[in-house]
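The structure appears right after this line, and notes come after that.
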Amino acid sequence: MQRKAVYPGSFDPFTNGHLDIVRRSLQVVDRVVVAILKNTSKQSMFSPEQRKEVIEEVFANEPRVEVKVFSGLLVEFCRQNEVSIIIRGLRAVSDFDYEHAIFLMNRSLKPGLETMFLMSDTEHSFISSSIIREVASLGGEIEKHVPQIVARKLRDRFQNQDK
Ligand code: COA
């Protein structure tokens with residue numbers, strides 16, 4: 001039986017930290033669905049569809065990765081996509097309490113659902129999408145922290161804003 005997992009998040013934008021988690025997950029499971037949350041309560045820089053396009057390009061040569069947009073409960077998405085493993089990255093101890101709470105809630109909503117936690121590599125442990133957005137908006141170098149296509153999209157976004 002193929003093991004399929006979901007890696008959910010906002011990915012606004014997708015960073016090398018996220019990329020590292022997906023790549024390492026593929027050593028443990030057969031397929032990963034990157035699930036982009038359409039979150040109306042979070043103000044986003046890129047639309048979920050733009051994020052989907054970018055992440056698809058990042059994984060253009062990896063047929064085991066699929067990218068989808070979702071709204072509503074993650075457990076419902078898992079049910080619809082026949083996924084029983086959720087992947088989450090832990091960057092530091094500070095992530096733990098929040099992740100633990102989500103893990104317990106998801107399991108309570110859908111017994112049998114497992115969450116697999118991967119520790120971020122140290123080089124990615126301080127990255128977050130909002131830090132990347134802020135540095136990019138102020139003209140700082142973000143190239144080593146995001147895939148090339150993301151760096152290009154961020155540059156385009158801020159160059160066009162300056163005009
Ligand atoms: N590398 C780099 N950054 C990472 C990272 C990693 N490995 N893991 C997380 N991050 C960053 C993200 O970029 C994000 O940064 P930001 O806050 O600056 O944007 C931050 O950490 C939080 O990311 P994440 O934990 O993925 O939160 P999220 O809001 O993007 O997604 C969901 C959380 C989607 C898993 C959760 O909200 C969800 O399941 N929602 C659906 C509704 C639902 O079912 N709710 C009930 C569950 S309790």
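Order of listing sets the numbers, starting from 1, for every ligand and every atom in it.
Proximity of G72 to ligand 1 is established by a heavy-atom distance of less than 4.0 Å. Between L37 and ligand 1 there is a heavy-atom distance shorter than 4.0 Å.
In terms of heavy-atom proximity, I142 sits nearest to I132 at CG2-O, 3.9 Å. Considering every non-hydrogen atom in both R133 and P13, the closest pair reads CG-CD, 3.9 Å.
Within the 4.0 Å cut-off (strictly below), a protein heavy atom is located near atom 11 (C) of ligand 1. Put simply, atom 38 (C) of ligand 1 has no protein non-hydrogen atoms near it, under 4.0 Å away.
Side-chain atoms of E66 and E56, non-hydrogen and from C-beta on, never get closer than 4.5 Å to each other. Considering only heavy atoms from C-beta on, L19 comes within 4.5 Å of F59 through its side chain.
The aromatic rings of H100 and F103 sit parallel to each other, their planes meeting at less than 30°, with 60° as the upper class boundary. Using bins of under 30°, 30° to 60° and over 60° for the plane-to-plane angle, the ring pair F14/H18 lands in the tilted bin.
Residue I127 places at least one N or O, backbone or side chain, under 3.5 Å from an N or O of ligand 1.
Between R152 and E57 there is a salt bridge, since at least one side-chain N of the basic residue sits less than 4.0 Å from a carboxylate O of the acidic one. No salt bridge links R64 with D30; every basic N to acidic carboxylate O contact stays at or beyond 4.0 Å. Ion pair K52/E49 not flagged as a salt bridge, since none of the NZ, NE, NH1 or NH2 atoms sits closer than 4.0 Å to an Asp/Glu carboxylate oxygen.
F70 and L109 fall within a single hydrophobic cluster, where Ile, Leu, Val, Met, Phe, Trp and Tyr side chains are chained together by heavy-atom contacts under 4.5 Å.
Residue S120 touches ligand 1 through its side chain alone, judged by heavy-atom distances below 4.0 Å.
Scanning the protein for heavy atoms near atom 4 (C) of ligand 1, the closest one is H18 NE2, 3.5 Å. Of the protein's non-hydrogen atoms, L73 CD2, 4.1 Å is the one closest to atom 45 (N) of ligand 1. Looking only at protein heavy atoms, the nearest one to atom 17 (O) of ligand 1 is K42 NZ, 3.8 Å. For atom 31 (O) of ligand 1, the closest heavy atom belonging to the protein is G9 CA, 3.6 Å. Among all non-hydrogen protein atoms, the one lying nearest atom 15 (O) of ligand 1 is S129 N, 3.4 Å. Counting protein heavy atoms only, atom 44 (O) of ligand 1 is closest to L74 N, 2.8 Å.
Comparing I21, V146, N16, N106 by heavy-atom distance to atom 47 (C) of ligand 1, the nearest is N106. Of the candidates K110, R88, R91, it is R88 that places a heavy atom closest to atom 26 (O) of ligand 1. Nearest residue to atom 18 (O) of ligand 1 from C78, G89, S130 is S130 (criterion: closest heavy atom).
Here is the list of ligand 1 atoms found below 4.0 Å of a heavy atom in S10: 28 (P), 29 (O), 30 (O), 31 (O).
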